[in-house]
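We use all heavy atoms of the structure for the numbers below, so side chains are in, but hydrogens, waters and symmetry mates are not. Chain letters run A, B, ... following the sequence lines, proteins first, then strands; residues in each count from 1.
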Amino acid sequence: MRKKEESKPSISFIEQFIAEDLKDGKNGGKVITRFPPEPNGYLHIGHAKAICLDFGMAKKYGGKCNLRFDDTNPVKEEVEYIDSIKEDIHWLGFDWEEREFYASDYFGKLYNFATDLIKRDLAYVDDQPADLISSQKGTPSQPGTESPFRKRQINENLDLFERMNKGEFDEGRRVLRAKIDMPSPNMHLRDPIIYRIIKSPHHRTGSKWMVYPMYDFAHGQSDYFEGITHSLCTLEFEVHRPLYDWFIEQLKTDDYRPRQIEFNRLNLTYTMMSKRKLLELVQEGKVKGWDDPRMPTLCGLRRRGYTPESIKRFIDLIGYTKVEATNDVSLLEHAIREDLNLRTPRVFGVLNPLKVIIKNYPEGHVENVELINNPEDESMGKRFVPFSREVYIEQDDFMETPPNKFFRLAPGMEVRLKGAYIIKCDGFKKNEKTGAIEEVYCTYDANTRSGGNTSVKKVKGTLHWVSAQHAIDAEVRLYDRLFNHEDPAGQKDDDYRKFLNSDSLIILTGCKVEPSLRSARPLEKFQFQRLGYFCVDYDSTSLKPVFNRTVQLKDSWVKVNK
RNA sequence: UGUCCCGUGGUGUAAUUGGCAACACGUCUGAUUCUGGAUCAGAAGAGUUCAGGUUCGAAACCUGACGGGACAACCA
């Protein structure tokens with residue numbers, strides 16, 4: 001399915017940089033990358049884009065990719081997230097082997113480096129409160145002004161920083177700042193705060209530390225300590241790069257130098273990627289949890305029925321650039337359909353059952369009709385499905401007064417029950433009060449059994465069906481996009497909650513599925529013929545199977561119909 | 001009134017780094033089909049934000065506009 005790409009050797013700008021660096025013999029001709037999540041939430045498909053790049057580049061150029069938890073803020077991070085992050089990366093098919101690192105592993109080195117900067121008069125302790133420091137920073141268009149503590153003596157700074165870490169001062173009382181350039185046009189260079197006092201215990205280092213490094217003071221240095229050559233991150237860190245380079249410059253002892261390269265974040269239509277807002281959805285009960293099948297989280301997509309291959313394929317398709325792009329969810333849906341079409345067995349499942357009685361079919365008689373499991377893959381074999389006098393078909397497949405081009409069942413019309421016989425409708429029972437069709441009466445043509453050579457008759461429509469006496473009841477959860485706005489989180493005047501799609505989950509009970517599905521296991525995937533791809537939910541039991549609809553089949557009838 | 005980044009069909013990306021804009025999704029035809037799926041064949045749709053300049057030749061290089069984004073957390 002990727003044949004067409006062979007003639008398209010174009011590589012991303014990132015890969016071009018890497019290839020050039022290699023050609024120039026930088027960093028000993030090595031490629032070492034890292035994937036650096038903060039353990040403060042679950043991974044989503046945007047992270048998958050980064051994971052594919054980080055691990056992908058390392059693999060392609062014979063290098064390694066480290067997993068590094070960016071755990072420099074103990075008040076926001078939890079162990080709970082660490083396990084889920086590792087599980088999701090593995091699920092995608094990537095492995096960091098023994099290279100599982102934590103920014104907190106480097107707290108000692110970082111502290112020493114900070115002390116070193118103080119000694120070189122490149123850092124100082126500032127006693128001012130946050131709002132004052134902030135106002136002295138100026139604005140993007142106005143230069144900052146120097147803190148009165150900027151000229152503090154080295155010995156005093158050393159003493160104060162040590163006492164900050166001993167817990168002598170309350171949180172917020174003092175910070176350590178790098179002494180760089182207050183009037184700089186780049187705000188990140190205006191004496192950035194590099195250490196703050198936090199007294200909450202850390203999930204790995206306990207209460208050993210009272211001061212914690214800020215992101216900018218930890219990330220580049222961690223890269224340096226691990227020998228990272230290419231530090232790939234998203235566009236919003238572009239303005240941080242001069243600071244990243246500044247710290248490395250102070251730290252380096254030889255020619256080795258990590259290089260930060262920024263690429264565009266993944267945005268999807270009708271989707272919201274902000275971790276904070278996703279957390280709100282979970283906490284407010286708008287969804288059933290981080291792994292709700294409507295969530296863009298990897299665990300949500302997994303439960304929805306997405307395969308790692310389809311996600312990687314999608315990411316492959318969208319590429320890496322510096323353009324802030326919004327990708328169409330229909331491309332993601334294309335990727336999962338393409339994958340599932342090749343690998344899933346076809347089965348019969350009737351979502352909204354309507355009973356059809358075949359009057360001239362012998363009562364009590366059962367035939368096992370043979371069906372192909374997957375027309376795309378002969379090796380998946382065949383199966384037998386019981387057929388009898390009473391079957392269920394889809395309510396949508398019968399109309400009392402059909403429009404043009406309705407190739408399904410209606411009074412006087414003929415249709416094939418896939419794998420079985422051609423039937424003709426010659427009556428139905430209607431509830432006079434509600435107008436609902438309750439039963440449909442048909443006759444079958446015994447000469448039209450599928451596979452038989454007497455079956456020369458042709459009909460336009462073919463329906464899926466389930467034998468009434470053999471059917472098993474199932475619950476089916478139909479999912480649709482969570483939001484009904486293309487950019488739910490991007491509206492200035494409206495809260496994203498306003499755009500929640502009230503029909504994003506429709507639970508159907510009393511669905512009828514073929515008996516072979518009794519033994520289906522959670523996460524097992526099927527194509528319900530003519531309907532879509534479905535995946536067994538974790539809530540499923542053999543007594544009460546539960547299926548999630550991953551995605552519908554493309555349906556040109558809906559277009560004809562309107 | 002700053003610095004940095006970005007601007008190619010509806011969407012996302014290409015264009016062998018200066019040689020008459022390609023691919024995928026989507027859309028629309030038709031063929032085929034015991035899934036209105038898949039498959040196959042084909043079509044429409046941009047002249048590359050705009051204006052200058054360099055050049056035999058510019059989507060690409062230069063200048064200037066215009067438009068979008070990032071940066072003012074003791075978050076990452």
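Atom C1' of B:U29 sits at a distance of 40 Å from the matching atom of B:G69, rounded to the whole Å. Of the P atoms belonging to B:U35 and B:G10, the separation is 36 Å, rounded to the nearest Å. Nucleotides B:G30 and B:A15, compared at atom C1', are 32 Å apart to the nearest Å. Only the C1' atoms considered, B:G57 is 9 Å distant from B:C20, to the nearest whole Å. The gap from the C1' atom of B:C6 to that of B:U13 amounts to 15 Å, rounded to the nearest Å. B:A21 sits 14 Å from B:G45 when the P atoms are compared, rounded to a whole Å. Across B:U48 and B:C61, the matching P atoms stand 15 Å from one another, rounded to whole Å. Rounded to whole Å, the separation between the C1' atoms of B:A43 and B:G37 comes to 22 Å.
Of the candidates B:G36, B:G26, B:G2, the closest approach to any side-chain atom of A:Pro185 belongs to B:G2. The side chain of A:His188 lies closest to B:C71, out of B:C74, B:U1, B:C71. In the set B:A72, B:A76, B:A24, B:A24 carries the atom at the smallest distance from any side-chain atom of A:Leu331.
Between the side chains of A:Gln260 and A:Glu238, no donor-acceptor pair of N or O atoms lies under 3.5 Å. Side-chain polar atoms of A:Asn374 and A:Arg346 form a donor-acceptor pair below 3.5 angstrom. Checked by atom type, the side-chain pair A:Glu15/A:Tyr320 shows no donor-acceptor distance below 3.5 Å.
Per the geometry, CD belonging to A:Glu394 stands 13 Å off C1' belonging to B:U35, to the nearest Å. Atoms CE (A:Met187) and P (B:U3) sit 14 Å apart, rounded to a whole Å. In this structure, CG of A:Asn374 is placed 13 Å from P of B:U39, rounded to the nearest angstrom. In this structure, the CZ atom of A:Phe217 is 16 Å from the P atom of B:C75, given to the nearest Å. Atom NZ in A:Lys554 sits about 10 Å away from atom C1' in B:U27, given to the nearest Å. A:His334 places its NE2 atom 15 Å from the P atom of B:C23, with the value rounded to the nearest Å. Put simply, CD on A:Gln552 is 19 Å from P on B:U35, counting in whole angstrom units.
Looking at heavy-atom distances under 4.0 Å, A:Asp555 makes contact with sugar-phosphate atoms alone, never a base. A:Gln128 comes within contact range of at least one nucleobase, with a heavy-atom separation under 4.0 Å. Within 4.0 Å (heavy atoms only), A:Thr326 reaches sugar-phosphate atoms of the nucleic acid but no base atom. Nucleic acid contact class of A:Glu38 (heavy atoms, under 4.0 Å, all strands): sugar-phosphate only. No contact: A:Phe263 has no heavy atom under 4.0 Å from any strand. A:Leu553 comes within 4.0 angstrom of a nucleotide base, judged by non-hydrogen atoms across all strands. Residue A:Gly419 is in base contact, counting any heavy-atom pair closer than 4.0 Å across all strands shown. Looking at heavy-atom distances under 4.0 Å, A:Ala130 makes contact with a base. Contact annotation for A:Pro375: base contact, defined as any heavy-atom pair under 4.0 Å involving a base atom. The residue A:Gly319 sits apart from the nucleic acid: no heavy atom pair falls under 4.0 Å. Within 4.0 Å of A:Lys275, counting heavy atoms only, lies no atom of the nucleic acid at all. A:Glu236 comes within 4.0 angstrom of the backbone, heavy atoms only, and of no base. Using a 4.0 Å heavy-atom cutoff across all strands shown, A:Arg346 reaches at least one base atom of the nucleic acid. Residue contacts shown for A:Arg241 are absent, as no nucleic acid heavy atom lies under 4.0 Å away.
The pairing partner recorded for B:G18 is none, the criterion being a Watson-Crick or G-U wobble arrangement whose two distances lie under 3.5 angstrom. For B:C40, the paired base is B:G30 (Watson-Crick or G-U wobble, both distances below 3.5 Å). Checking B:C74 for Watson-Crick or G-U wobble geometry (two distances, each under 3.5 Å) identifies no partner in any strand.
Between A:Thr321 and B:G12 there is no side-chain polar atom (N or O) within less than 4.0 angstrom of OP1 or OP2. In this structure, A:Ser10 does not reach the B:U16 phosphate: none of its side-chain N or O atoms is under 4.0 Å from OP1 or OP2. Applying the 4.0 Å criterion to OP1 and OP2 of B:G37, one finds that A:Arg337 has every side-chain N and O outside that range. Contact annotation: A:Arg196 reaches the phosphate of B:A76 (side-chain N/O to OP1 or OP2, under 4.0 Å). Between A:Ser330 and B:C25, a side-chain N or O to OP1/OP2 separation shorter than 4.0 Å is absent. OP1 or OP2 of B:U13 sits under 4.0 Å from a side-chain N or O of A:Asn264.
Comparing A:Lys322 and A:Asp126 against RNA chain B, the residue whose closest nucleotide sits nearer the 5' end is A:Lys322. Each of A:Glu20 and A:Lys418 has a nearest nucleotide on RNA chain B; the 5'-most of these lies closest to A:Glu20.
Note that A:Arg68 lies outside the cation-pi zone of A:Phe35, set by a 6.0 Å cut-off to the ring centre and a 45° limit from the axis.
The aromatic ring centres of A:Phe528 and A:Tyr533 sit 6.0 Å or more apart.
Aromatic ring orientation, A:Trp465 versus A:Phe348: tilted (interplanar angle from 30° to 60°). Using the six-membered ring where Trp is involved, A:Tyr111 and A:Phe161 have ring planes that are parallel, under 30° apart on the 30 and 60° scheme.
Checking each of A:Glu338, A:Glu309, A:Glu376 against A:Arg343 for a salt bridge (Lys or Arg N to Asp or Glu O under 4.0 Å) leaves exactly one that passes, namely A:Glu309.
A donor N or O paired with an acceptor N or O is found under 3.5 Å between the base of B:U35 and the side-chain atoms of A:Gln527. You'll find a donor-acceptor pair under 3.5 Å spanning the side chain of A:Glu376 and the base of B:G37, going by distance alone.
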Test A:Phe225 against A:Phe101 for ring-ring contact (aromatic ring centres under 6.0 Å, His included), laying out the working first. CA-CA 11 Å; A:Phe225 297 143; A:Phe101 301 127; over 10 Å; no
